[in-house]
Engineer: 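This is the structure I have questions about; it appears just below.
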Amino acid sequence: MKELQKKAREVLNNNWKDRFSIPCANLYPFQWFWDSGLIAIGFAHFDMQKAEAEINTLLDAQWGNGFIPHIIFHTESDSYFPGPDFHCSNLHPEASKKYKSTGMTQPPVTGFVLENLYRISSDKKATLKFIETVIDKVYFNHEYFYKNRDPQDEGLIYIYHNWESGTDNSPIWDDIWKTMNSPEYTFERRDTTHVDASERPSKREYDHYLYIIEIAKENNYSDEKIAELSPFLVQDPLFNSVLIKSNESLIALYKLMGNNEDKIAQLQKWQTKSIKSFNDKLFDEELGAYIHYDLRNEKPIRYISSSSFSPWFANIPNKERAASMVKVMLDKFGGEHQYLCASFDPTSERFSPKKYWRGPVWINLNWILYNGLKQYGYNDIAERVKQDTISIIEKNGFYEYFDSRKEIHEHGNAGYGGNNFSWSAALLIDLLNS
Ligand code: GLC
């Protein structure tokens with residue numbers, strides 16, 4: 001295990017670019033929001049300075065309205081499409097003047113990342129001091145979501161693009177693409193020059209991705225207009241679980257710091273409302289798990305993915321629901337020939353074991369599930385998730401995602417996408433030390 005941990009540290013150090021980390025070379029050459037947060041958890045185990053710098057750089061790119069972008073384009077690079085010239089996020093009047101970025105966001109991990117830095121730190125006093133310098137920016141980011149991304153005042157935040165979900169190519173979005181009449185764009189993709197095209201989205205899917213951005217641009221990235229006009233508007237259980245978990249962490253940290261009664265009270269209000277709506281609206285009794293809701297077309301999207309189990313992490317389900325989710329996960333995702341946890345229901349016809357987010361196992365979701373299962377006392381299953389995670393990395397290396405079918409790992413490489421991938425390394429380090 002020492003050897004594996006050493007390699008993981010090397011991956012992180014190699015992807016470190018002075019003030020921030022890239023997810024991996026070539027395929028993802030900039031700073032990504034949720035990658036950055038999860039990477040900081042890995043660094044916290046051996047280089048707290050880098051962990052703090054990572055968060056500082058991310059928060060430095062925050063907009064005047066509290067928004068944090070999903071990609072921060074620190075450098076010029078033509079190895080990625082669509083780049084800053086396509087996104088034109090400076091159309092928004094409050095966009096950062098200092099950094100080029102996209103005009104969409106990603107799951108807001110920063111709150112619970114800060115709490116994890118504190119947990120891991122061997123100098124709690126110093127880490128709390130650091131947290132005190134950044135925590136209000138994270139609070140401001142949560143305020144942005146509740147003020148601008150919740151048009152029906154439910155305590156549930158919408159995402160307006162599949163890239164905001166973090167689970168970019170999930171089959172969850174397939175039915176939404178059918179409702180859209182996107183133009184055919186001419187463009188040169190870069191992802192398929194780095195990774196096998198069969199593992200990536202189709203050209204037609206890319207047309208939809210670009211079309212949603214075009215609509216946002218036509219409206220200068222106004223949240224109000226996007227809520228009114230975007231053909232993609234979804235309440236995502238993973239995104240909302242991450243926000244709710246981060247609320248919980250902010251409350252805990254503000255209490256540790258003392259003197260923040262107003263913010264604590266506001267966070268608790270958001271929590272109560274969000275958790276109630278989450279349970280009322282996103283749990284599907286028949287499927288026995290949480291699902292996405294298509295807010296634009298006002299209908300539930302009735303598919304199970306690894307996101308369906310993320311509410312454990314944020315203490316959202318009651319005991320009965322948590323138990324029903326465990327059963328669903330083990331029945332559908334947990335057969336003896338499967339590694340936990342596939343990103344999409346392996347019993348569905350939409351399951352595709354090599355295509356990104358349409359089936360493979362992802363280390364960040366496994367980390368979320370591991371911690372969630374432990375919170376509910378399912379230590380044996382949590383341990384299985386942990387051991388599966390260690391095994392697939394040991395066998396293949398620090399890939400971006402992995403085949404969930406055990407037999408594939410017996411016949412050579414079963415890791416896909418980018419290699420030497422930062423969050424796979426970072427979260428492995430955390431799992432090995434937990
Ligand atoms: C892919 C993933 C996304 C991640 C990004 C950078 O687009 O779907 O979640 O943030 O890569 O690693």
Side-chain angles (χ1 to χ4, degrees), residues 11-12 14-17 20-42 54 58 61 68-74 77 79-83 86-87 101-102 104-110 113 159 161-173 189-197 199-202 205-206 208-210 212-213 234 236-239 241-242 305-307 310 342-344 352 354-368 398-402 415-428:
V11 169
L12 288 185
N14 289 337
N15 288 339
W16 173 252
K17 305 284 163 207
F20 68 95
S21 301
I22 55 170
C24 73
N26 303 322
L27 189 59
Y28 305 118
F30 313 106
Q31 184 179 25
W32 264 255
F33 182 174
W34 76 326
D35 296 68
S36 206
L38 301 175
I39 291 165
I41 293 176
E54 184 83 51
L58 177 70
I68 300 175
H70 112 287
I71 304 176
I72 302 151
F73 298 108
H74 289 281
S77 168
S79 72
Y80 188 84
F81 175 84
F86 183 87
H87 286 280
S101 76
T102 60
M104 63 180 85
T105 190
Q106 261 191 332
V109 295
T110 335
V113 167
I159 53 172
H161 198 290
N162 53 309
W163 289 343
E164 292 202 311
S165 70
T167 60
D168 299 16
N169 194 31
S170 171
I172 300 285
W173 324 126
R189 277 169 71 169
R190 296 302 157 93
D191 56 332
T192 43
T193 60
H194 308 300
V195 175
D196 193 319
E199 296 166 20
R200 303 290 298 183
S202 67
E205 281 163 329
Y206 254 80
H208 299 313
Y209 306 165
L210 300 184
I212 308 172
I213 299 172
V234 171
D236 179 318
L238 173 62
F239 194 102
S241 292
V242 164
S305 61
S306 49
S307 302
S310 59
S343 44
F344 194 72
S352 176
K354 288 188 173 184
K355 272 209 160 184
Y356 97 139
W357 293 112
R358 303 182 75 89
V361 177
W362 288 74
I363 304 306
N364 61 338
L365 258 297
N366 271 14
W367 184 87
I368 286 177
F398 294 91
Y399 277 90
E400 186 181 1
Y401 45 95
F402 302 85
Y416 310 127
N419 196 359
N420 297 317
F421 193 77
S422 297
W423 79 37
S424 299
L427 298 177
L428 179 87

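It should be emphasised that the depicted structure is a prediction, and the values quoted were computed from it without experimental measurement. Counting starts at 1 for both ligands and their atoms, following the listed order.
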Engineer: Indicate yes or no: at least one non-hydrogen side-chain atom of Tyr80 is less than 4.5 angstrom from one of Ile71.
Structural biologist: yes
Engineer: Side chains of Thr167 and Ser306, heavy atoms from C-beta outward: is any pair under 4.5 Å?
Structural biologist: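 They are not in side-chain contact.
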Engineer: Can you find an N/O atom of Trp362 closer than 3.5 Å to an N/O atom of ligand 1?
Structural biologist: no
Engineer: Specify the protein heavy atom at minimum distance from atom 7 (O) of ligand 1: its residue, its atom name, and the distance to 0.1 Å.
Structural biologist: Asp168 OD2, 2.9 Å
Engineer: Check Phe33 against ligand 1 and report side chain, backbone, both or neither, counting heavy atoms closer than 4.0 Å.
Structural biologist: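 Near ligand 1, Phe33 shows nothing, with every heavy atom at 4.0 Å or more.
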Engineer: For ligand 1, which atoms sit closer than 4.0 Å to a heavy atom of Trp32?
Structural biologist: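 This gives 5 (C), 6 (C), 10 (O) as the contact atoms.
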Engineer: Check whether Asp168 reaches the backbone of Trp357 with its side chain - one donor and one acceptor, N or O, closer than 3.5 Å.
Structural biologist: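 Checking the backbone N and O of Trp357 against the side chain of Asp168, no donor-acceptor pair under 3.5 Å is found.
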Engineer: Which residue and atom name correspond to the protein heavy atom nearest atom 4 (C) of ligand 1, and how close is it?
Structural biologist: Asp35 OD1, 3.5 Å
Engineer: May I ask whether Trp163 places a heavy atom under 4.0 Å from ligand 1?
Structural biologist: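 It does not, in that no heavy atom of Trp163 comes within the 4.0 Å cut-off of ligand 1.
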Engineer: I'd like the name of whichever of Phe421, Tyr28, Trp34, Trp357 reaches closest to atom 1 (C) of ligand 1 through any heavy atom.
Structural biologist: Tyr28
Engineer: Quick one: which ligand 1 atoms are inside 4.0 Å of a heavy atom on Gln106?
Structural biologist: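 Within the 4.0 Å cut-off of Gln106, ligand 1 contributes 3 (C), 4 (C), 9 (O), 10 (O).
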Engineer: Does the plane of the ring in Trp163 sit parallel, tilted or perpendicular to the ring in His87? Use 30° and 60° as the thresholds.
Structural biologist: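 Trp163 vs His87 ring planes: tilted.
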Engineer: Between Tyr28 and Trp423, is the ring centroid distance below 6.0 Å?
Structural biologist: no
Engineer: Does ligand 1 have an atom under 4.0 Å from some heavy atom of His70?
Structural biologist: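 No, His70 has no heavy atoms under 4.0 Å from ligand 1.
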Engineer: Is there a side-chain contact between Leu428 and Trp367 in this structure, where contact means two heavy atoms from C-beta onward sitting under 4.5 Å apart?
Structural biologist: no
Engineer: Closest heavy-atom contact between Ile72 and Ala61?
Structural biologist: CD1-CB, 3.6 Å
Engineer: Return the residue, atom name and 0.1 Å-rounded distance of the protein heavy atom closest to atom 3 (C) of ligand 1.
Structural biologist: Gly166 O, 3.6 Å
